[in-house]
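Source: prediction; values computed, not measured. FYI, side chains are in, hydrogens and waters are out, and symmetry mates aren't considered; it's all heavy atoms of this structure.
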Amino acid sequence: MLDLAVSQPSVGVLRDQGFLQGFGIDLGDPNKWGDETDPRIVGHDVTAGNEEGGRKAMENLLAKDQDINVVYTINEPAAAGAYEALKAIGRENDVLIVSVDGGCPGVDNIADGVIGATSQQYPLLMASLGIEAIAAWAKDGTKPAPTPGKDFFDTGVALVTDQPADGVDSISVAEGKNLCWG
Amino acid sequence: MAAQKFEEVLSDSSDQVADFSQQHRGFVATFQHRLHENPALVPLIVLVISIAIFGILLGTKFFSAFALTLILQQVAIVGIVGAAQSIVILTAGIDLSVGAIMVLSSVVMGQFTFRYGLPVELSIICGLLCGTICGYINGVFVAVLKLPPFIVTLGMWQIILAANFLYSANETIRSKEIEQNASLLQMFGWKFKIGADEAGRGGATFTIGVIFLVALVLALAYALRHTAWGRHVYAVGDDPEAAELSGVQVKRTLISVYTLAGLICAFAGWALIGRIGSVSPTSGQLANIESITAVVIGGISLFGGRGSILGMLFGALIVGVFTLGLRLLGADAQWTYLLIGALIIGAVAIDQWIRKVAA
C-alpha cells in the first residue's frame, strides 16, 4: 500500500481504506491506515505522491517481502515510481499495480502496461457542477442534495483498464483517454 | 662599583624552553584529538554501529547484499546533491537552491530532447550548462555583491522552482517514452548485479548513479585535501579576511565553489532521471533539506572550514540505514523523522565538543 504522507491526510486515508474495504479486509479504524492486522498486507509506506517517493516506498516494501503481487498507489506518479522499482528487480510483469486519479500520463501508462487499472476522477466536472450549484443557490436558494443513497454529491468515477474483470464495471483505455485531464 | 646582581635570582628558575606538548592525555582526550584530526570518524562509527544494530535486530533481511546495496541506490541522489552542498558549506555558506537546480536541469534535458527534438547528447550538455549557470549566478551574488548565501539561495530556490514549473507546464515525460527515444537520459539507472538468483532476486545491485556518487566523493575529497583550490576553499571558510591577506583570491574561490555546486546538481538531475525513469518537475522538493541533513550528520561544520566530504557520504548513508531499517522493523515512518532529528542535534553537539580540543 503506497500512501501519500505520514500526516495521513483524509484523501490518502479514504482511498487506501476504500481499496482495502473492497477486498473485505478488516479496516480497524477506518480513519487511519496502517492499523490493519490482515497478513495479506505486506505493509504501508509513504510516497509524497511523486515518482521518487513511489520508487523508494516500493523498494522498502520489497526489502520486506520480495513476493508482493498487488500494489495499491495513491496516484499515478507514485505508481510509475513503483513500476521502476519492480523493473529494477525484474518483477514488473508479474505484479499488478493499481492507482487513483485518471490523469492523461497515468492513462497512457495503463496503455503501456505500467499500471493495471486506475480509478478515474473528473475534476473538470466537479468544477462545473460546483459552479452550477452555486448559481442555483444564488438564483433561488436551492442547495445541492446528496446523491440518493450517499451522504455526499457523487461527481462520478470510472475504472479504466484494458483487462476488465467480471462483475466490475470498467471503461477501456481509449474511453479513459477521451475523459482524462492534466 | 658593585656588580649588578639582578640576574642572580634566575639561577633557581626553570631553564626549560616553552613547552606545549602534552605528554599524558587521558583516553577521552586522545579520542577527542583523533576525532578532531579526522572529522569523518564520528559518522563512520555511527554508521558501522547502526548497521550492526539493525543487522542483529533484523538478521539477513537487512544484513544482505540486496538490502545494503539498495540503501546505496536510495541515497545516491541525496549523496550527489550533498557533495555540492558540502563544498558550499565548507566556505561557511549554504545552498538552499540545490534541489531546484537539480530538477530544472533534468527538465531541460528532457524538454530539449522531446519538445525541440535536439539530439539527446546535446540536450544533456544544455542541462549541465543550465545547472552550471544557476550556480554561477549564486556565486556572483554571494562573492561580488556580498549578499548572505542563505538569502541569495533562498531567493534562487523560489526563482528556479517557479521557472521550472512555468517552463515545463508541470508536464511529466513518461519513462516508456524516454526508454524508446532517448535512453541515454536514463544512463545513471543502468545497473549490474552480483550474486542474484536466476529470477533476478537478491544479490548486490549497483547502478551507474551509485558508482558516480562514490567516484565524485573520492575525487572531491582528493581535490579538497591535495590541491591549492581545495586548501583555498577551507581557508575561505575558516576566515575569509585571513585568506585574503595570505593572497587567496576569495571572490574567485567562492564563485568557483558555487558554480561547481551547480554543475554537480545538474549531474544529480541526470541521475534523477535514471532513478525515477521519467522527467518529473515535482521531484526533489526536499533535496535541499535532505542534503543539509547529510552534511550536518556527516560532521561538516556549518560555520565553515572544517569537515570532510567523506563524512557527508557517511551521513547520507546513516539516514538511509535508519530509514530502511526502521521500516523493516515495522515502525511508523514518523519514527524515522524523529530519530533523524535527534541525530542532527547529536551531530552538532559532538561538533561543538570536538572544537574545544586543545589542538
Side-chain angles (χ1 to χ4, degrees), chain A residues 3-8 32-35 42-67 75-94 103-115 182, chain B residues 58 61-62 64 66-68 70-71 73-75 77 103 169-177 179-180 186 189 191 193 196-203 205 207 272-287 320 323-330 332-337:
Chain A
D3 292 302
L4 188 56
V6 282
S7 56
Q8 301 214 5
K32 188 176 170 205
W33 51 254
D35 61 342
V42 171
H44 291 75
D45 208 332
V46 292
T47 64
N50 63 33
E51 289 85 352
E52 210 181 356
R55 169 147 193 180
K56 191 168 182 185
M58 189 73 234
E59 287 172 342
N60 290 346
L61 293 178
L62 284 171
K64 216 171 189 178
D65 184 348
Q66 296 220 355
D67 295 317
N75 64 4
E76 288 129 9
Y83 181 82
E84 293 297 318
L86 288 164
K87 202 166 88 176
I89 63 159
R91 294 207 58 219
E92 72 272 27
N93 293 322
D94 40 311
C104 293
V107 177
D108 285 337
N109 271 340
I110 298 177
D112 284 339
V114 171
I115 305 175
Chain B
L58 291 158
K61 191 149 267 189
F62 178 82
S64 65
F66 176 77
L68 293 179
L70 179 63
I71 293 172
Q73 293 174 55
Q74 292 185 327
V75 303
I77 305 293
V103 175
N170 205 359
E171 274 173 16
T172 302
I173 303 173
R174 294 181 314 121
S175 178
K176 286 270 168 174
E177 287 174 48
E179 202 180 322
Q180 280 157 13
Q186 295 174 337
K191 60 183 186 295
K193 289 187 171 210
D197 65 13
E198 278 164 26
R201 292 185 203 179
T205 309
T207 59
L272 182 70
I273 305 175
R275 174 148 172 83
I276 64 177
S278 45
V279 172
S280 166
T282 54
S283 310
Q285 303 276 343
L286 292 175
T323 309
L324 187 66
L326 287 172
R327 215 54 61 81
L328 288 180
L329 280 173
D332 190 305
Q334 293 285 23
W335 287 103
T336 316
Y337 295 111

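- Looking only at heavy-atom pairs under 4.5 Å with chain B, the residue among D65(A), V46(A), N60(A), L61(A) that has the most is N60(A).
- Only the side chain of N50(A) comes within contact range of chain B, with at least one heavy atom under 4.5 Å from a heavy atom of that chain.
- For Y337(B), the part lying under 4.5 angstrom from a heavy atom of chain A is the side chain only.
- Residues K176(B) and V114(A) approach most closely at CE-CG2, 3.9 Å, considering heavy atoms.
- By the salt bridge (charged side-chain N to carboxylate O under 4.0 Å, His left out) test, E52(A) pairs with no residue at all, sequence neighbours left out.
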Item to complete: Dump the intermediate steps for side-chain contact (heavy atoms from CB on, under 4.5 Å) on R174(B) and E51(A), then the final yes or no.
Response: CA-CA 10 Å; R174(B) 294 181 314 121; E51(A) 289 85 352; over 6 Å; no
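- Residues of residues 80-87 of chain A lying under 4.5 angstrom from chain B, judged on non-hydrogen atoms, are Y83(A), E84(A), K87(A) by number.
- Note that NE2 of H44(A) is 12.5 Å distant from CZ of R327(B), once rounded to the nearest 0.5 Å.
- Every residue was checked against the salt bridge (charged side-chain N to carboxylate O under 4.0 Å, His left out) condition with E171(B), not counting sequence neighbours, and none meets it.
- Here L70(B) contributes atom CG and K56(A) contributes atom NZ; the two are 9.5 Å apart, rounded to the nearest 0.5 Å.
- For the atom pair CD of E179(B) and CG of D112(A), the computed distance is 9.5 Å after rounding to the nearest 0.5 Å.
- Between the CG atom in N109(A) and the OG atom in S175(B) there is a gap of 8.0 Å [rounded to 0.5 Å].
- Residue S278(B) touches chain A through its side chain alone, counting heavy-atom pairs closer than 4.5 Å.
- Each of P105(A), S7(A), G54(A) has some count of heavy-atom pairs under 4.5 Å with chain B, and the biggest count is that of P105(A).
- Remark: the backbone N or O of A63(A) is not paired with any side-chain donor or acceptor of K61(B) at under 3.5 angstrom.
- Chain A forms more heavy-atom pairs under 4.5 Å with one residue of L324(B), L272(B), T172(B) than with any other, namely L324(B).
- Annotation: side-chain contact (heavy atoms from CB on, under 4.5 Å) contacts of T207(B) (sequence neighbours excluded): Q73(B), K191(B), V210(B).
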